[in-house]
A.B. asks: 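Provided herewith is a single structure, encoded as structure tokens, for subsequent inquiry.
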Amino acid sequence: MPEMEQPKKVADRYLKQEVLGQGTYGVVFKATDTKTEQTVAIKKIRLGKQREGVNITALREIKMLKELKHPHIILLIDAFPHKENLHLVFEFMETDLEAVIRDSNIFLSPADIKSYLLMTFKGLAYCHDKWVLHRDMKPNNLLIGVDGQLKLADFGLARIFGSPNRKFTHQVFARWYRAPELLFGAKQYGAAVDVWAVGCIFAELLLRRPFLQGNSDIDQLSKIFAAFGTPKADQWPDVTKLPDYVEYQFVPAPSLRSLFPAVSEDALDLLSKMFTYDPKARISIKQALEHRYFTSAPAPTDPAKLPKPVHKQDGKSSYGKHEAITVLSPPRKLRRVMPERGRVDSLKAHVDKDQQAPMSLDFTILAERPPNRPTITSADRSHLKRKLDLEFQ
Ligand SMILES: Nc1ncnc2c1ncn2[C@@H]1O[C@H](COP(=O)(O)OP(=O)(O)OP(=O)(O)O)[C@@H](O)[C@H]1O
């Protein structure tokens, strides 16, 4: 009989299990933390030989991510280099909101939708309060635990490791959640970009399909204007100053009610405030949390009682099986795109640029006000260097 293969232990601590999937930066696998017996998800990010890519800026960002502690933010438990990869250890989550939305066996009541939104808003409000933007809010970045708790994931990776090239397929779908000021090339943007994205997620929960599905940036703006009307000068006075501004043919706004015929007045009012064109006039996430939508009936469902796909795969596999159903999220595989091997140099370049966050970042710091970044002490610096030197010899 062949000897049983011993499970692989990473960094003398994590027992590797199956691969969960592959994202923009590398593979994610399930593991057991032998120190705590906790199940974790480890994101393995390929650095190649370019360990200098993880510079002090990256260390500062990783440190900041570790300090984001909130019931609705995915916890970064550990970060360490191993072989030619950086490993980020997160708490393990059972499913994500995209799988919920896509599962045609799940009925989402107004109270369920309110519950998912409330958790999303709370997590985002915490980050905005710390002057941290998410910048890539989309349903598959909202992970859901066995207890039904929703947590925001995928902070910071693009900022630390470089932004994925926009030719990558998965970016096409990120576009659907992109605020109009970003599509017009705004370099200075704020928390309002996340509010727009969450508005799109709200709409997607109601419609059970992505709301504004542009197939290019220009088409995305056309879809937005078809839904809300071409912005008039008094609605968004500064739009003409944006770098990529082009004039669009005037289309009047259809009534928001015609787009969301079945929703409550409160939900409609909140949606209209989240889809305000002028980012300065758009509702903030804090104001949104205080909106009467969250206090009026129905009360949000207790997260433990929220409907979830039995297995994560169930939600995903429903795609394509029911062709008559207008669930238009892409098949998972389309979004599993890896950065090319030779891209490490450009990744490093992005890291070095620090504040100049390119368009497709997952996360960034608010441009208007410097955040309270964690101080990197010389002890941190030498600790990292020691770790990297050991691991990359
Ligand atoms: N903390 C986690 N717990 C459980 N599964 C996870 C966790 N983080 C990621 N996954 C799963 O691992 C796979 C890859 O995730 P990853 O975040 O790298 O990419 P993605 O979100 O699918 O795509 P993108 O890189 O475009 O955001 C997905 O199936 C995702 O649901």
Side-chain angles (χ1 to χ4, degrees), residues 14 16-33 36 38-46 65-66 68 70-79 85-103 123 134-178 197 201 210 308-309 311-319 329-340 343 347 359-363:
Y14 301 99
K16 239 177 163 175
Q17 293 166 33
E18 75 267 21
V19 168
L20 292 167
Q22 201 170 291
T24 312
Y25 300 98
V27 76
V28 179
F29 56 88
K30 196 172 175 179
T32 305
D33 181 349
T36 61
Q38 200 188 348
T39 304
V40 294
I42 304 187
K43 200 168 258 196
K44 196 167 126 184
I45 296 167
R46 289 182 299 178
L65 294 184
K66 283 181 93 170
L68 288 179
H70 185 269
H72 299 299
I73 306 287
I74 191 104
L75 184 66
L76 174 58
I77 298 166
D78 196 5
N85 304 295
L86 185 74
H87 290 64
L88 300 179
V89 183
F90 294 99
E91 57 185 317
F92 178 81
M93 302 293 277
E94 197 191 22
T95 187
D96 63 53
L97 196 62
E98 187 184 33
V100 171
I101 293 173
R102 205 189 284 164
D103 189 337
H134 188 286
R135 266 244 30 191
D136 195 23
M137 294 288 292
K138 51 186 178 178
N140 71 315
N141 281 341
L142 301 177
L143 303 185
I144 300 168
V146 266
D147 53 0
Q149 293 290 332
L150 175 148
K151 303 193 185 207
L152 278 57
D154 255 9
F155 281 92
L157 302 189
R159 183 171 174 85
I160 301 169
F161 302 104
S163 127
N165 189 319
R166 290 169 79 200
K167 76 176 188 251
F168 286 108
T169 324
H170 83 285
Q171 279 300 313
V172 174
F173 307 108
R175 177 188 298 120
W176 297 341
Y177 306 89
R178 201 168 289 156
I201 296 170
K308 284 184 278 140
H311 298 294
K312 194 169 174 182
Q313 289 307 323
D314 291 356
K316 287 172 198 166
S317 59
S318 70
Y319 180 84
S329 291
R332 277 261 151 177
K333 283 212 168 76
L334 274 184
R335 294 185 296 101
R336 302 282 164 265
V337 184
M338 298 288 292
E340 291 149 14
R343 229 167 47 80
L347 297 187
M359 272 290 282
S360 44
L361 289 192
D362 279 343
F363 146 108

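Order of listing sets the numbers, starting from 1, for every ligand and every atom in it.
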A.B. asks: Which atom names give the shortest non-hydrogen contact between G123 and L152, and what distance separates them?
C.D. replies: C-CD2, 3.9 Å
A.B. asks: Should you measure from each heavy atom of I74, which atoms of ligand 1 turn up under 4.0 Å away?
C.D. replies: 1 (N)
A.B. asks: Show the atoms of ligand 1 that are less than 4.0 angstrom away from any heavy atom in K138.
C.D. replies: 26 (O), 27 (O)
A.B. asks: Taking only heavy atoms of N141 into account, list the atoms of ligand 1 that are under 4.0 Å away from them.
C.D. replies: 21 (O), 27 (O)
A.B. asks: With a 4.0 Å heavy-atom cut-off (strictly under), which part of L20 contacts ligand 1: side chain, backbone, both or neither?
C.D. replies: both
A.B. asks: Sequence neighbours left out, what passes side chain to side chain contact (heavy atoms under 4.5 Å, CB included) with K66? Give chain and number order.
C.D. replies: L76, D78
A.B. asks: With heavy-atom distances below 4.5 Å as the criterion, would you say the side chains of K308 and D103 are in contact?
C.D. replies: no
A.B. asks: Going by distance only, is there an N or O of Q22 that falls short of 3.5 Å from an N or O of ligand 1?
C.D. replies: no
A.B. asks: Restricting to non-hydrogen atoms, name the atom on F29 and the atom on V19 that form the minimum distance, rounded to 0.1 Å.
C.D. replies: CB-CA, 3.9 Å
A.B. asks: Would you check if L97 and I201 make a side-chain contact, meaning some heavy-atom pair closer than 4.5 Å?
C.D. replies: yes
A.B. asks: Taking 4.0 Å as the limit for heavy-atom contacts, which would you say applies to D136 with ligand 1: side chain only, backbone only, both, or neither?
C.D. replies: neither
A.B. asks: List every atom of ligand 1 that sits less than 4.0 Å from any heavy atom of K43, numbering the atoms from 1 in the order shown and giving each element.
C.D. replies: 16 (P), 17 (O), 18 (O)
A.B. asks: Going by heavy atoms in the side chains, are V28 and F90 under 4.5 Å from each other?
C.D. replies: no
A.B. asks: As an exercise, identify every atom of ligand 1 less than 4.0 angstrom from a heavy atom of L143.
C.D. replies: 1 (N), 2 (C), 7 (C), 8 (N)
A.B. asks: Less than 4.5 Å apart, side chain to side chain, heavy atoms only: is that true for D96 and L143?
C.D. replies: yes
A.B. asks: Which residues satisfy the ring-ring contact (aromatic ring centres under 6.0 Å, His included) test with H87, sequence neighbours excluded?
C.D. replies: F80, H82
A.B. asks: Could you list which atoms of ligand 1 come closer than 4.0 Å to a heavy atom of M93?
C.D. replies: 2 (C), 3 (N), 4 (C), 5 (N)
A.B. asks: If you count the atoms of ligand 1 from 1 in the order shown, which ones are under 4.0 Å from a heavy atom of F92?
C.D. replies: 3 (N), 4 (C)
A.B. asks: With heavy atoms of A41 as the reference, note each atom of ligand 1 found under 4.0 Å away.
C.D. replies: 1 (N), 2 (C), 3 (N), 7 (C)
A.B. asks: E91 near ligand 1, heavy-atom distance under 4.0 Å?
C.D. replies: yes
